[in-house]
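The analysis underlying the following values was restricted to heavy atoms, covering all of them including side chains, and did not include hydrogens, waters or symmetry mates.
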Amino acid sequence: MRTPRTARILSVVLTLLGIQLTWLISPAWACGCGAMVVGPAQRIAVSDEQSVLRWDGRQEQIVMRLTVTGDARNAAWIMPVPHRATVRLGDPAVFDQLARAIAPAHRTRHHFWPRRGDWPFDERADGAAAEIAPRPPPRGPAPP
């Protein structure tokens, strides 16, 4: 028969054992953008990552640029996707085009309040009010 003191000591010992076991577990680092896998004696690190996404209502395209450092000559890149994906090398110029497209426009104004022709009153589309993609036609027979 256990006494309350024995039960208390046993719970403290089991708690300390559980804490020590969690310190032994090495976490596996991964994120939604994938993981780089190398051999056991090799090291690799991703110091910079840039992505461009395109969604047309049915299909998503992702162009990624990774800056990788390390001593591994070969590595595997694992990316979680919901279905079978097509992978190919992308055009690095897409990031230069994007940088030019989103570069800030510097304007000098000598008035505080926006006037006609100033943002947000200009007639140009600035991307903030993006158009909503049209819905695809319904599948199946038309309702009666």
Is any side-chain heavy atom of [Y] closer than 4.5 Å to one of [X]?
X    : Y    : answer
E60  : L53  : yes
W113 : H111 : no
V46  : M36  : yes
Q50  : M64  : no
V37  : W77  : no
I62  : V52  : no

Does atom [atom1] of [X] have more than 12 heavy-atom neighbours, drawn from other residues, nucleotides or ligands, at distances under 6.0 Å?
X   : atom1 : answer
D48 : CG    : yes
R73 : CZ    : no
R65 : CZ    : yes

Value rounded to 0.5 Å, distance of [atom1] in [X] from [atom2] in [Y]:
X   : Y   : atom1 : atom2 : value
L66 : S51 : CG    : OG    : 7.5 Å
D96 : D91 : CG    : CG    : 9.0 Å
L10 : R5  : CG    : CZ    : 13.5 Å

Legend entry - Check: Q59 main-chain N/O paired with D56 side-chain donor or acceptor under 3.5 Å: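 It does hold such a pair.
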
Inset, instruction - Would you check if the side chain of D71 reaches a backbone N or O of Q42 as a donor-acceptor pair within less than 3.5 Å? - result: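 Not at all, since once roles are kept as given, no pair shorter than 3.5 Å links the two residues.
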
Inset, instruction - Identify the heavy atoms of A85 and V81 that sit nearest to each other, and give their distance. - result: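 Looks like CB-CG2, 4.1 Å.
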
Legend entry - Common cluster, V13/I19, ILVMFWY with side-chain heavy-atom separation under 4.5 Å: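 They do not share one cluster, since no chain of ILVMFWY contacts under 4.5 Å joins V13 to I19.
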
Legend entry - M79-V94 co-clustered via ILVMFWY side chain contacts under 4.5 Å: no

